[in-house]
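Worksheet: one structure, shown below.
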Amino acid sequence: MLDTKSTGSKIRNTVIHIIVIGLGLACLLPMINIVAISFSGSAAVSANRVGLLPVDFTALAYKRIIEDSQFWRSFRISVIRVALTLVLNLVITVPMAYAMTRSKGDFPARNIYMNLLIFAMLFNGGMIPTYIVVKNLNLLNSIWALILPGAVPVFSVILLMNFFKGVPKALEEAAIIDGASQFQVLLQIMVPCAKPSIATVSLFSIVGSWNDFFGGLIYMQRVEDYPIMTYIQSLNIDLQELVKNAANSAALENVAELSNRNLNAAKIVVAVIPLLIIYPFLQRYLISGLVMGSVKE
Amino acid sequence: MKKTKSSIKSTRTRNSLQYHAMVFPGMVFLILFGYLPMFGLIMAFQDFIPAKGLFGSQFVGFKHFAYMFTLPDIGRVIRNTLIIALGKIILGMLLSIAFSILLNEIRLKFLKKTVQTIVYLPHFLSWVVLAAVAMNLFNIDGSVNQILASIGLEKINFLGSNNVFRKLLIGTDVWKEFGYNSVVYLAAITGIDAGLHEAAAIDGASWWKRVWHITIPGMLPIILLMTAMNLTSVLNAGFDQIYNLYSPIVYEVSDVLDTYIYRIGLVGRQYSFGAAVGLCRSIVALIMLVSANKITEKLTNQRIY
């Protein structure tokens, strides 16, 4: 009896390990594939001969990126955009969240503001009216069109509020007795206490604005103004054409048309590197933030 | 006059002013990019011409809404939206729940951490990047088809076939998000009293029985909350993903509300019509969010917002 039980549990354990490792590989291998493509010769890529290892290893694609001025222009636009969005998001959400945690007695207008915030989260004007507003504010083709519409991430405000509520009242009261203003309480007590949740909110902001391609697509009319993801998306369209034409496989003969695939793969890899650099922080803060955000009182 | 008021009252007013100042910058942007577009929805009831603006364009009542329901497209678009979104929600939840239960069984710390690190990654990558990854894998001569061919199966035109494209959308989305979504379930499992499992094991309950009678009931509040939360996005089939993967040959099965509004309204410059479709979408989404919030509050004492 005991024996059969332990063999049973051994089999079960093996199966569980196989499934879990299998799912892990399912996430890992496609990434390895694109890296392998970026390091392969164009002929091998065009013939779809690249699997997990580079074929005809070459770093030529990366050499060509170094000289690609449009790629770096877009990369720089994205870096600037991420930095400005981050600063703006923090300057707006941190004080706002703090004021929103005050009691109605201290801040009578609190509920009005809160309702405005919540309603903006539940309902929005949608794609077209937002576009018209950005256009009428003369922001088209300006980097601010990529930054200002996302200036108030309501979810981040709520996440920060949840955190501020947990800061012991005594700290704050002591500071107020010492004559601190509300701004001083915020900057000298709340902000240092809330570092982890500020990190979470910052990372949301960074990942969101780095990854966004849609803003660039609708607000930027010239390729020179594209942020990195919009630029890469414009390259993907070439790939899409290719997929469409693949039905009549004559297109596959056209190696010249295909030879950009390894270059595009290399661009994608380089565009993802900034995220990989901050990935350890993402894991640490965003995942705790997710649990924090989903369990609200 | 202020001097006559008590000192408490004046501190309070001063504080209140400081709070207004803290909220002010955010409110400016919220009004500009949140509430101004809502006001702009008036264009759905006009023949809006950008040069004339909201105040100069002619009002046409419900013309665009009536027109919308005469179009054969709209039924197809709504159907696609619901099928794709529901497919993603249901399969995504099942896989994340199953994955979290299985991952919890892994005792090797190193293996567990490594797998977690890998499966969380796709969540943080843009669909622009993942679409390129997917197109390299799933094109007619891509690695997936080569594997199919090598085991004697027929090649599948994943990206260009009306039969499989929707499945590809659902599958790749589940793939992208299952890891990250499993985080909350894993947290719920960790919160279950280990004593329950031990007692059941001593009573001879098999692993399956324990999962079914202890783990899953223990996760139920979080599962209900996530179901309600996810169902609110049933009109959001995932613009970024679809836009980056679809092409006119598969519009039939993959054109959803957001891609439709984008193509017809924005690219096609039928602003009023696009705004009308968008308004319907936003209203339904609002109703769903409010009711989901009510339901979860009743069931789990938690709120979505």
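From a predicted model like this one, the values you see are computed outputs, not experimental measurements. In what follows, chains are A, B, ... by sequence order, proteins preceding strands, each numbered from 1.
Neither the backbone nor the side chain of A/Leu25 comes within less than 4.5 Å of any heavy atom of chain B. Contacts between A/Thr93 and chain B at a heavy-atom distance below 4.5 Å are absent for every atom of the residue.
Using modelled atom types, one side-chain atom of B/Trp175 and one backbone atom of A/Ala26 make a donor-acceptor pair closer than 3.5 Å. No donor-acceptor pair closer than 3.5 Å links the side chain of B/Tyr120 to the backbone N or O of A/Gln283.
Minimum interatomic distance between B/Met38 and A/Ala120 (heavy atoms only, all atoms of both residues): CE-CA, 4.1 Å. Scanning all heavy atoms of the two residues, the minimum distance from B/Ala132 to A/Ile268 falls at CB-CD1, 3.1 Å. Between A/Val152 and B/Gly26 the shortest heavy-atom distance is CG2-O, 3.4 Å. The shortest heavy-atom contact between B/Leu125 and A/Asn211 is C-ND2, 3.7 Å. Contact between A/Met31 and B/Pro122 at its shortest, heavy atoms only, is CE-CG, 4.0 Å. A pairwise comparison of heavy atoms in B/Leu41 and A/Pro129 identifies CD2-CG, 3.8 Å as the closest pair.
Ranked by heavy-atom pairs shorter than 4.5 Å toward chain B, the options A/Val94, A/Leu148, A/Ile34, A/Val207 are led by A/Leu148. Of the listed residues (A/Asn124, A/Leu137, A/Ile132), the one with the most heavy-atom contacts under 4.5 Å to chain B is A/Ile132. Contacts with chain A were tallied for B/Leu286, B/Val115, B/Leu111; B/Leu286 has the most, counting heavy-atom pairs under 4.5 Å. In terms of heavy-atom pairs under 4.5 angstrom with chain B, the leader among A/Thr130, A/Asp212, A/Ile232 is A/Thr130.
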**OP:** Take B/Ser126 and A/Trp210, measure what side-chain contact (heavy atoms from CB on, under 4.5 Å) needs, and give me the verdict at the end.
**Re:** CA-CA 8 Å; B/Ser126 165; A/Trp210 184 262; over 6 Å; no
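Between A/Phe214 and B/Tyr262, the distance separating the two ring centers is shorter than 6.0 angstrom.
In this structure, the side chains of A/Tyr279 and B/Thr117 come closer than 4.5 Å at one or more pairs of heavy atoms. You'll find the side chain of A/Met96 reaches within 4.5 Å of the side chain of B/Met27, heavy atoms only. Within the 4.5 Å cutoff, the side chain of B/Tyr19 has no heavy atoms near those of the A/Tyr113 side chain.
Judged purely by distance below 3.5 Å, without hydrogens or angles, the side chains of B/Asn136 and A/Arg261 pair a donor atom with an acceptor atom.
A/Phe119 contributes atom CZ, which lies 11.0 Å from atom CG of B/Leu30 (distance to the nearest 0.5 angstrom). Atom OG of residue B/Ser282 and atom CE of residue A/Met127 lie 10.0 Å apart, to the nearest 0.5 angstrom.
Between A/Phe213 and B/Phe239, the two ring planes are parallel [angle under 30°; tilted spans 30° to 60°].
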